[in-house]
Amino acid sequence: MDVELAEERMLILADRFNMDHAEGRAWTRRTDAFGTMAKIAGFLSRPKDDEYETVYRERRLQPFFHIGCTATMTYERAKEYRVGVDANVVSVEIDGKSHAASEAGFTLSGTERCHDEISRDTYYDAITGDSAPDAAQYLENPANLADAAALARAVTEGAVVVPPQAKASMLVRDVLASSIERIEADRVIEEKLSLHHIDLYYRPVYAFRYRWQGKEAVVEFDGVTGETRVGGNTFEQFMGRTIDAEFLINAGVEAAGILIPGVRLAEIVISKSLKASKAKKKK
């Protein structure tokens, strides 16, 4: 079997919105984020805006994988075909060859040449490794090829770059395995697997954590589709730790290291940029 591997790529989806727009949209869903109790309270006495506090906001780049595969198989197999005839037929002559008939039919032997082509486009959450078919919608939007330097710029501009936890190699293996189907063949002429996409996409997500009556809740805004949803976690909650500048650097570099070589240089560049920025603020 021949296996063709596409070049691994990293892409960042273009953001259609900014932080101010995202925060304004998320703010309209803050009551929904706190569930039924907040809605009942709002029905009895509408909570004032100053009762809600925005305790944390972030713009993060959330990763998912797009893996596209095509399996091509050409093969031959012997096959017998039963041909029905009238009950009184005793033989049939085809191309100068006589075929005895019985039980209202006769048998022809032949060789079938078959060609199967199966294409699959699969999407995975790059954190959990779970199937994420809804991610297909993002490919309808513009995206820019990225590298370690692009992630470095995103980090220095304040974005949280979420490092993938799922390994691309494992996901590719699963896709390849699912693309190989059992065939009935006497002779295989061609069997080829082509991976035409091994892409790590980053999509922009805005998250806002609000506090109301001692409780906290999160509203997320999708920077590509413009949709808002309640629930979910901010990245610091997901990681179980407070985010600081050095952690963002390491996370971004780890993300780049999944596919992009030479990221240590990017880490040094970002570190120097941050230190220089801190030095200027002290002056």
Side-chain angles (χ1 to χ4, degrees), residues 10-34 38 47-64 125-127 134-135 137-138 140-164 200-212 215-239 241-256 266 269-270 273-274 276-278 280-281:
M10 185 185 302
L11 303 98
I12 300 178
L13 285 156
D15 199 326
R16 296 174 54 216
F17 306 92
N18 57 31
M19 176 65 79
D20 291 339
H21 180 91
E23 188 161 14
R25 291 281 298 277
W27 181 256
T28 64
R29 298 290 307 277
R30 65 194 184 284
T31 301
D32 297 336
F34 288 94
K48 298 179 181 178
D49 286 350
D50 59 9
E51 293 182 27
Y52 293 95
E53 179 186 1
T54 304
V55 295
Y56 177 78
R57 57 175 61 83
E58 74 181 14
R59 176 182 179 273
R60 69 174 181 264
L61 295 178
Q62 187 100 0
F64 68 87
D125 185 313
I127 299 174
D134 290 346
Q137 64 179 315
Y138 293 109
E140 300 174 359
N141 297 274
N144 299 312
L145 284 172
D147 54 14
L151 290 184
R153 287 193 298 272
V155 171
T156 55
E157 291 169 0
V160 177
V161 178
V162 183
L200 174 62
Y201 276 88
Y202 279 97
R203 62 183 182 90
V205 178
Y206 295 85
F208 305 90
R209 191 163 73 249
Y210 302 108
R211 183 178 294 136
W212 174 73
K215 298 179 180 180
E216 293 187 354
V218 174
V219 177
E220 290 185 354
F221 177 85
D222 192 310
V224 177
T225 67
E227 298 178 355
T228 57
R229 77 177 188 94
V230 299
N233 294 308
T234 55
F235 186 55
E236 63 176 359
Q237 289 175 321
F238 172 76
M239 295 300 293
R241 59 176 293 174
T242 301
I243 294 177
D244 55 37
E246 293 297 326
F247 173 72
L248 290 180
I249 292 171
N250 293 331
V253 170
E254 181 181 346
V269 171
I270 304 173
S273 299
L274 282 176
S277 177
K278 291 177 181 177
K280 287 182 180 179
K281 290 181 180 179

Give the C-alpha distance, both sets of side-chain angles, the deciding distance and a yes or no for side chain to side chain contact (heavy atoms under 4.5 Å, CB included) between Trp212 and Glu51. CA-CA 6 Å; Trp212 174 73; Glu51 293 182 27; 3.6 Å; yes
Grab the two heavy atoms, one from Phe34 and one from Arg211, that are nearest each other, plus how far apart they are. CZ-C, 4.0 Å
Measure from NZ or CZ of Arg30 to the centre of the six-membered ring of Tyr52 and say whether it is under 6.0 Å with the direction within 45° of the ring axis. yes
Taking the ring centre of each residue, are Trp27 and Phe208 less than 6.0 Å apart? no
Nearest-0.5 Å distance, CG of residue Asp125 to CG of residue Asp134: 11.5 Å
What pair of heavy atoms forms the shortest contact from Pro204 to Leu61, and how long is it? CA-CD2, 4.0 Å
Closest non-hydrogen atom pair, Leu13 against Asn141: CD2-O, 3.9 Å
Do Tyr138 and Asp222 have side-chain N/O donor and acceptor atoms under 3.5 Å apart? yes
Arg29 versus Thr228, side-chain donor and acceptor atoms under 3.5 Å: yes
Could you tell me if the side chain of Thr234 sits less than 4.5 Å from the side chain of Val218, heavy atoms only? yes
So, Arg59 and Asp15, do they make that salt bridge, N to O below 4.0 Å? yes
Exercise: identify the closest heavy-atom pair between Pro63 and Tyr202: CB-CE2, 3.7 Å
One should read off an interatomic distance between Tyr56 OH and Glu58 CD, to the nearest 0.5 angstrom, of 3.5 Å
For Val162 and Ile127, run side chain to side chain contact (heavy atoms under 4.5 Å, CB included): C-alpha distance rounded to whole Å, both residues' side-chain angles, the deciding distance at 0.1 Å, then the answer. CA-CA 8 Å; Val162 183; Ile127 299 174; 3.5 Å; yes
side-chain hydrogen bond (donor to acceptor under 3.5 Å, both in side chains) partners of Gln137, counting only residues at least two apart: none
Are the charged groups of Arg60 and Glu220 less than 4.0 angstrom apart, N to O? yes
When every non-hydrogen atom of Phe17 is compared with those of Thr225, the smallest separation belongs to CE1-C, 4.4 Å
Would Met10 and Leu151 count as a side chain to side chain contact (heavy atoms under 4.5 Å, CB included) here? Give the steps. CA-CA 10 Å; Met10 185 185 302; Leu151 290 184; 3.6 Å; yes
Look up atom OH in Tyr206 and atom CE in Met19, then write down how far apart they are to the nearest 0.5 Å. 6.0 Å
Would Phe221 and His21 count as a close aromatic pair, with their ring centres under 6.0 Å? yes
Please report the shortest heavy-atom distance between Glu23 and Thr54, naming the atom on each side. OE2-CG2, 4.0 Å
